[in-house]
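Given the structure is predicted, the values throughout are model-derived calculations rather than measurements.
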Amino acid sequence: MFQEEDGGGIREGIYGVNVSKVIEIIRMPPTLTPVPDSNPYQAGIINLRGQVIPVINLAKWMKIKEPDCIEPKTKQIIVTEFSSVRLGFIVHKASQIRRISWKEIVPITMATTGRHTGSKVTGTVKLSDEEVLLILDFESIVDEMGIFGRQEETLERMTEKKNMEHRYILAADDSPVALNMLTKALQKGGFSVMGVKNGQEAIEKLRMQRDLDPEKNIMNRVALLITDVEMPVMDGYTLTKEVKADPTLKALPVLMHSSMSGKENVRKGKEAGADDYIVKFDPEAFVSIVEKVLQKNSFQASVG
């Protein structure tokens with residue numbers, strides 16, 4: 001994506017989206033159908049083979065000034081699917097597919113952005129001495145589209161549960177929006193939540209809890225691990241494998257909670273050792289599957 005510099009020049013900003021979320025890339029159509037009272041960064045909608053898809057102007061969402069020399073007909077739309085939602089994103093060009101390890105992604109901090117909250121980026125990857133790729137927080141786009149707002153209404157309707165047994169859940173997610181939503185849902189379900197930003201922080205937290213009293217089962221302190229798949233430093237697949245390969249942690253149930261849908265992603269999650277997999281984000285279904293996983297593993301522990 002190109003943007004103007006203060007000196008009048010033009011530089012290219014490089015942004016990334018997981019290829020697993022990309023359905024296809026199409027040319028920018030001559031016109032988009034406008035939507036009255038839509039968000040200011042929604043350019044309109046397109047009808048793609050019978051399916052109506054909202055189209056987001058990515059530059060506007062990121063508050064980037066587009067150079068006047070960029071012709072609309074040269075732009076492209078990246079059609080994506082995540083969190084069970086299809087969205088199109090207008091970009092200046094989709095350049096290439098890069099194979100990047102999650103270990104190469106550096107988490108965003110206040111020192112990086114200068115902001116405590118509200119960053120539209122979850123991580124960075126150094127491509128060269130001059131180039132840095134920014135990983136966008138697509139959950140925040142869904143939130144600003146108002147989809148999570150409807151889920152907030154669902155949360156308000158949910159009856160708050162009070163559990164006699166104090167159950168801790170460790171949740172790993174690099175998106176502040178997603179982590180906030182799942183925390184609210186779990187608290188409604190009567191759980192206490194510890195949140196971390198990536199798999200490395202999660203495994204360190206679990207090992208620290210375990211080492212407090214090696215004679216006791218880790219499940220006495222953490223009843224369930226919930227993990228996103230896409231995270232910097234250590235992704236959800238690697239985290240799950242680390243947990244299940246550790247003799248002192250392997251009994252801990254793991255629920256994968258990801259914006260990536262599709263049978264292949266579910267298969268990879270189960271193959272890594274996850275006890276279950278759910279796509280973001282239906283609060284009632286989420287709490288229901290959390291309780292199901294906990295009941296199943298409690299039963300196995302009692303009869304095993």
Novice: For the atom pair NZ (Lys21) and OG (Ser258), what is the distance rounded to the nearest 0.5 Å?
Specialist: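 Interatomic distance, Lys21 NZ to Ser258 OG, rounded to 0.5 Å: 7.0 Å.
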
Novice: Please round to the nearest 0.5 Å and tell me the distance separating atom CG of Asn198 and atom CD of Glu204.
Specialist: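 Those atoms lie 8.0 Å apart.
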
Novice: Please answer whether the main-chain N or O of Leu179 pairs with a side-chain N or O of Thr183 as donor and acceptor at a distance below 3.5 Å.
Specialist: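 Indeed, once roles are kept as given, a pair shorter than 3.5 Å links the two residues.
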
Novice: Please check if the side chain of Gln76 supplies one atom and the backbone of Ala94 the other of a donor-acceptor pair under 3.5 Å.
Specialist: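 Present.
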
Novice: Among the clusters formed by ILVMFWY side chains lying less than 4.5 Å apart, do Met234 and Val229 turn up in the same one?
Specialist: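 Cluster IDs for Met234 and Val229 differ.
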
Novice: For residues Met231 and Gly199, report the shortest heavy-atom separation together with the two atoms involved.
Specialist: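 Distance-wise, the nearest heavy atoms are CE-N, 3.6 Å.
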
Novice: Can you name the closest pair of heavy atoms from Pro253 and Leu224 and give their distance?
Specialist: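 Here Pro253 and Leu224 meet closest at O-CD1, 3.3 Å.
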
Novice: Would a hydrophobic clustering, with Ile, Leu, Val, Met, Phe, Trp and Tyr connected at side-chain separations under 4.5 Å, put Val125 with Val106?
Specialist: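 Different hydrophobic clusters.
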
Novice: Would you check, one step at a time, whether the test salt bridge (Lys or Arg N to Asp or Glu O under 4.0 Å) holds for Arg267 with Glu264?
Specialist: CA-CA 5 Å; Arg267 184 194 65 79; Glu264 179 61 17; 2.5 Å; yes

Novice: What I'd like to find out is whether the side chain of Tyr41 reaches to under 4.5 Å of the side chain of Ile90, using heavy atoms alone.
Specialist: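 Tyr41 vs Ile90: side chains apart.
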
Novice: CD1/Ile77 to CD1/Ile46 distance, rounded to the nearest 0.5 angstrom?
Specialist: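 It comes to 4.5 Å.
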
Novice: In this structure, would Ile64 and Ile78 fall into the same cluster of hydrophobic residues linked by side-chain contacts under 4.5 Å?
Specialist: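 Same cluster.
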
Novice: Hey, can you tell me if Phe286 and Phe281 have their rings parallel, tilted or perpendicular (30° and 60° cut-offs)?
Specialist: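 Phe286 vs Phe281 ring planes: tilted.
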
Novice: What I want to find out is whether Glu271 reaches Lys268 closely enough, with some N-O distance under 4.0 Å, to be called a salt bridge.
Specialist: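 Between Lys268 and Glu271 there is no salt bridge, as every charged N stays at least 4.0 Å from the carboxylate O atoms.
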
Novice: Quick one: CD on Gln51 to CD1 on Ile23, what's the gap to the nearest 0.5 Å?
Specialist: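 Output value for this atom pair is 8.5 Å.
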
Novice: What about Trp61 and Ile45, same hydrophobic cluster or not, with Ile/Leu/Val/Met/Phe/Trp/Tyr joined at side-chain heavy-atom distances under 4.5 Å?
Specialist: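 Different hydrophobic clusters.
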
Novice: Answer yes if Val52 and Val55 sit in the same cluster of Ile, Leu, Val, Met, Phe, Trp and Tyr residues linked by side chain heavy atoms under 4.5 Å apart, and no otherwise.
Specialist: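 Different hydrophobic clusters.
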
Novice: Going through the checks in order, is the salt bridge (Lys or Arg N to Asp or Glu O under 4.0 Å) test met by Asp276 and Lys292?
Specialist: CA-CA 10 Å; Asp276 218 322; Lys292 186 187 81 172; 3.1 Å; yes

Novice: So, taking the atom named CZ in Phe191 and the one named CD1 in Ile169, what distance separates them when rounded to the nearest 0.5 Å?
Specialist: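 The distance works out to 4.5 Å.
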
